[in-house]
Structure formats: structure tokens, C-alpha cells
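Step one of this worksheet: look at the structure below.
These numbers were taken from a predicted model, which means no experiment stands behind them.
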Amino acid sequence: MIEKLQKKSIFLIIGMFLLLSIVLIGLLSYSSPIYEFNYSGDNNNYMTVGKAMMHGFVPYKDVFEQKGPFVYLLYGLASLISFHTFLGSAIFEIAILFAILWLTFKIGKLFSSTKVAFVIALFAPVFVLMEPYYSYGATVEFFLYPAILSLIYVSLKAQQHQFIISKWTWYFQGCLVGIAFFSKYTLLGSWIAFYIFMFMYYTIKHRWNDVRNLIWSSGLGFLTTTVPWLIYFEMVHGLKQFFNVYFYTNIFRYGSVNGTWFERLSMSLWTFVQLLLFSNPVITFVIVLGLLFVFFSRKILAGWIIKSLLMIMMFTNALLALCGGTFGPYYLLAYFPYILVLFVLLIIALSHKLKLSAFKKWQSVFIFSWVFALCMTLSVNSNLEFSRFIPNNPAITSNLGVKHPTSSAQIEFGRIMCHESKGRPTLLAFGFLENGFYTTSGAYPTIHYFERNNISYHKLPTMMNTAANAIKHRKVQWVVICVKTTSNSNLQHQIETTYKKNAYGRGLKALNQNYEMRAHHSQISQGNDMEYVLYKLK
């Protein structure tokens, strides 16, 4: 009878977690159907390359983009669910948020009752979907969030069992290391610290069997998730391009940060300090109080070993997460698994003081906590202002005078290209990080440099020159450009001013010769008033 009640309780918890995940992603992710479109440049890059990969294109070799292959695989699978929208991505986001809720619950259960752990876990989305760290939808940091959280869970659970970790746990963590390594390797800081620390601990304690499990089981897991990719790229003759783009280009060309590795690491750590001191006061409070708790707790975190391990993992994660450069607030989401765990430990300590486990009326607490957690999460993210509930919002149009419902540039241009193209459209996003025009039009990236990535001309002149040559030799049916505008600016003047002052001047001349303007549309993109212009081959 008791076992049946426990199973029923677990199913109820799973159901409430799943429902909360569906509701929150449905309301706050731009990938959700209640938004006209996901306008994020990064998300659309992943979707475009992933979609191309599903149709025979080879990442890095045929299509230039710098994230790891697991990212493109995930978005490629999402594109099989929905080719012209981000519905597939939304489904994956729901699964990821559910995993975060479940892992938070498991962490809570290590130190408290099931009921207390469940209530605490409901508030995890506040530390996942907080704006601006989570903005348009799933980034790589979001997808790897539960992986980092699982490592923290393994660490906290191990300290309760003399740091005995099973072979399967080591294998699973090895798999996650491989996934992180081939997704975004700057997010490996937590695992690097964890493995070095545990290897030294086992060695000092002469626990050689644990050392063998660490090396062989983790190594097998790492090979499980990396070797198939190496075989794939070798079979399609793209292994050299994979190493050149994913490693060399990311390390030496990508981003805005130059200088020595020491300077990059210092910048990354300073960004964490800024988050600690000058960000949202709730985050600052949780971090400061949580760190003090880790240092001085004697009951929940007993002993210097687990305290040292957590602090070193957190420090190394902060040190490496931004070492390639700071390009957006969403990079800081890599810090939030630790902030969430600090919050969990603080609330558990408070529940012990108040003896909440002895409370009787938990059914009412569950319902109230679920609703309150939902409201709390909605209060830290304002994405609903740009949903379909508010027609003609700034993400769709900057024309405040329009009275009839209109569409964004992505949707409008996509319809035009689908209707007027001969066969599948061919497209080039010229001079900017494309924001969804490949997705809405259904075009594949037939030009290797199908957009302008965040790499300066002097570091990779081939990227801009290839785009200009594609326009000169009429290799695509459609070209989209974008410029920042003001209410008083003339569009043609703004285009010439924007493109003639950089390396795209030659491409602009060819664009005027070979293409004609078909449509233009203004809207807010990532806080800037942008004018998108669609050109059609003459």
C-alpha cells in the first residue's frame, strides 16, 4: 500500500513538472506557437545548418558555422518536426526544462523530504528563464544546463556515500563530457574541475579501483559520444574542415576579444564578479548568502571535501565560460546551475529551521506553490509583450501607424520568396547574422558563407569576399540585407552608408547591378530598430 502511494506521488510530481514546463515554454519561448516567429540570430543559424545537415549538407565543409555538431543535430531533428517554424525546438525546450525541474527535485531530496524538495524544485524556472539571460529561446547554454546540474547532483550525492560513484554514473558523465565538448567546449569548466579533483582525491586515498572506474568508464562514455562524429566527418571528407572551423576559427578568429589566454580568462572571471555585484539584487543575494552557507554549513554540506569541490567547480566554470569573449547576456546562463543549487541549499536550510516537513496540509501548499512559481517566473521575463496576444508589437513592425494586422519581415519575405521562386528559393543573408529568412523561405544555404558571422574582415576576409562574389556572379535568387535606421533616415542613403564603409562595398555595387529591391520592412531586433530589405535577381 505504501509503495502504491509513493508511486502515485511520483507520477503526480512528474505530471506537475511536465505541465509547468509546457506552460512556461509555451508562454515565454519565442519558439512557441503563440509567437509569430523566433527572431534570434543564433537559433536560426542552428536551425539553418541543422536543417541542411538533415538533407545531405556537411557542416563546416559545405556550410560555415562555428558551434559544435551536437547543436546542429538537435536543431536538425527539430526541423524534421516542423520545417518552417520552431515548434520542434519548443518541444526540446520543454524536455530540457522538465529535466532541470527533475534534477532540482533530486538534489532537494538528498537533504529534505519529498514534499519539501518538490516545492523547492517548482521555483527552478526562475533561475532558468530569467531575462535577459534567457531571451528568445534555447541557446547552447540552455541545452547544457541540465548536464551541468546533473554533475552537481552527482557531486552532492557522492559526498553522502564516501564519494563512491558507480561505473554507470562515470560512463554517463563521460557521455555528457563528449556532448559538451562537441557542443560548446568553453562550458566544460565544471567537468574539468570535477575530474581533476576526484582523481587527486582517489589517488591520495589509494582508492585505485575508483581511479580505474573514473578513467575507463568515463573514457568509454566520452568515446561513445565523440567517435561517431569523427567517423562521420571522415566518411564525408569533412574532418579537416571540422577541426579548422570548430577549433582553430573559434579560438583564434571568432569574437571581439584579443590578447593572451590569461587576459581572456581574467575577463571571464571579472564578468562573473560583475554578475555577483551589479546584477539583479535577488541573484546577488542568493550568490552571496549561498557562498557563505557553503563555507559555514555543518549539517547539509559536512566536511571540507564537498565544499572545496563545489567551490572549485563553480570557479572553473566561471573562469572558462566566457573566455572566448562576451557577446550577449545569454552566455551568463552557464553560471545559473550553481546559482540555482545555492538557492536550493538555502531554502532547505530554512525549511529545517522552520521544521516544514512536519506540516500537514501539503495538498494546498502544492497547488499554491505551483501557481506562485508560475507567477514568479512570468515576472522575471517580459517576452509575452512580443507575442501574438499583442498584434503589431515592435518585434513585428516599427510602423506605429499601421492599423491592420501585419507580419514581420521574416514571415513577409518568406512568403514572397516561396511564391515567386522557381523551385526552392536560393538565398544569401548579406552582411548580417541572418534572423530567420532561411527558415521561413525554406531555403538551404547554397553559399558556404551564407551569412556574416561575428568575425572581423582582417581575420577572415574569405567570408565577405565569397558573399560579394556570389552576388556578382548571380549565384542566388534572393538577397536580404539589414541596416540600422532612424525615423529621419533615407533608406537608400542608409544602405550606402552602412555597406560602403566596410568590406561589402564591392558587393553592394554588384547588388544594385544584378538585383532589384522587392520589399523592405522595419522592426525591432535585439533592441535595435532595423530595416530589412529583400532583393530579387533581375
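Partners of Phe343 by ring-ring contact (aromatic ring centres under 6.0 Å, His included), not counting sequence neighbours, listed by chain and number: Phe127. Not counting sequence neighbours, the partners of Tyr248 by the ring-ring contact (aromatic ring centres under 6.0 Å, His included) test are Phe252. Here Val476 pairs with Thr426, Leu428, Thr446, Ile447, Val479, Tyr515 under the side-chain contact (heavy atoms from CB on, under 4.5 Å) rule; sequence neighbours left out. The side-chain hydrogen bond (donor to acceptor under 3.5 Å, both in side chains) search around Ser387 returns none, not counting sequence neighbours. Residues passing the side-chain hydrogen bond (donor to acceptor under 3.5 Å, both in side chains) test with Ser421, sequence neighbours excluded: Trp478. Residues passing the salt bridge (Lys or Arg N to Asp or Glu O under 4.0 Å) test with Arg452: none are found, sequence neighbours excluded. Applying the ring-ring contact (aromatic ring centres under 6.0 Å, His included) rule to Tyr171 yields the partners Trp168; only residues at least two apart in sequence or on another chain are considered. In terms of the ring-ring contact (aromatic ring centres under 6.0 Å, His included) criterion, Trp191 has no residue partners (sequence neighbours excluded).
Under 3.5 Å, the side chains of Tyr330 and Asp42 contain a donor-acceptor pair of N or O atoms. Between the side chains of Gln523 and Ser408, no donor-acceptor pair is found at a separation under 3.5 Å.
For residues 122-146, the pairs satisfying salt bridge (charged side-chain N to carboxylate O under 4.0 Å, His left out) are Glu141-Lys184, with sequence neighbours left out. Residue pairs that meet the salt bridge (charged side-chain N to carboxylate O under 4.0 Å, His left out) test with at least one member in residues 465-483, sequence neighbours left out, do not exist here.
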Return all side-chain donor-acceptor pairs below 3.5 angstrom for residues 44-56, not counting sequence neighbours, or 'none' if the list is empty.
{"from": "Asn44", "atom 1": "OD1", "to": "Thr439", "atom 2": "OG1", "distance (Å)": "3.3"}
{"from": "Asn44", "atom 1": "ND2", "to": "Asn38", "atom 2": "O", "distance (Å)": "2.9"}
{"from": "Asn44", "atom 1": "ND2", "to": "Ser40", "atom 2": "O", "distance (Å)": "2.7"}
{"from": "Asn44", "atom 1": "ND2", "to": "Asn435", "atom 2": "O", "distance (Å)": "3.3"}
{"from": "Asn45", "atom 1": "ND2", "to": "Gly41", "atom 2": "O", "distance (Å)": "3.3"}
{"from": "Asn45", "atom 1": "ND2", "to": "Glu65", "atom 2": "OE2", "distance (Å)": "3.3"}
{"from": "Asn45", "atom 1": "ND2", "to": "Glu451", "atom 2": "OE2", "distance (Å)": "3.3"}
{"from": "Thr48", "atom 1": "OG1", "to": "Asn44", "atom 2": "O", "distance (Å)": "2.9"}
{"from": "Thr48", "atom 1": "OG1", "to": "Glu434", "atom 2": "OE2", "distance (Å)": "3.2"}
{"from": "Lys51", "atom 1": "NZ", "to": "Tyr438", "atom 2": "O", "distance (Å)": "3.2"}
{"from": "His55", "atom 1": "ND1", "to": "Lys51", "atom 2": "O", "distance (Å)": "2.9"}
{"from": "His55", "atom 1": "ND1", "to": "Tyr444", "atom 2": "OH", "distance (Å)": "3.4"}
{"from": "His55", "atom 1": "NE2", "to": "Tyr444", "atom 2": "OH", "distance (Å)": "3.1"}

List, one per line, each side-chain donor-acceptor pair under 3.5 Å for residues 334-341, sequence neighbours excluded.
{"from": "Tyr335", "atom 1": "OH", "to": "Ser268", "atom 2": "O", "distance (Å)": "3.3"}
{"from": "Tyr338", "atom 1": "OH", "to": "Ser190", "atom 2": "OG", "distance (Å)": "2.5"}

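Classified by interplanar angle (parallel below 30°, tilted 30° to 60°, perpendicular above 60°), the ring pair Tyr75/Phe143 is perpendicular.
Checking each of Asn465, Thr466, Ile455, Val63 against Tyr449 for a side-chain contact (heavy atoms from CB on, under 4.5 Å) leaves exactly one that passes, namely Thr466.
More than 12 heavy atoms of other shown residues, nucleotides or ligands fall within 6.0 angstrom of atom CZ in Phe432.
With a 4.5 Å cut-off on side-chain heavy atoms, Leu73 and Trp229 count as touching.
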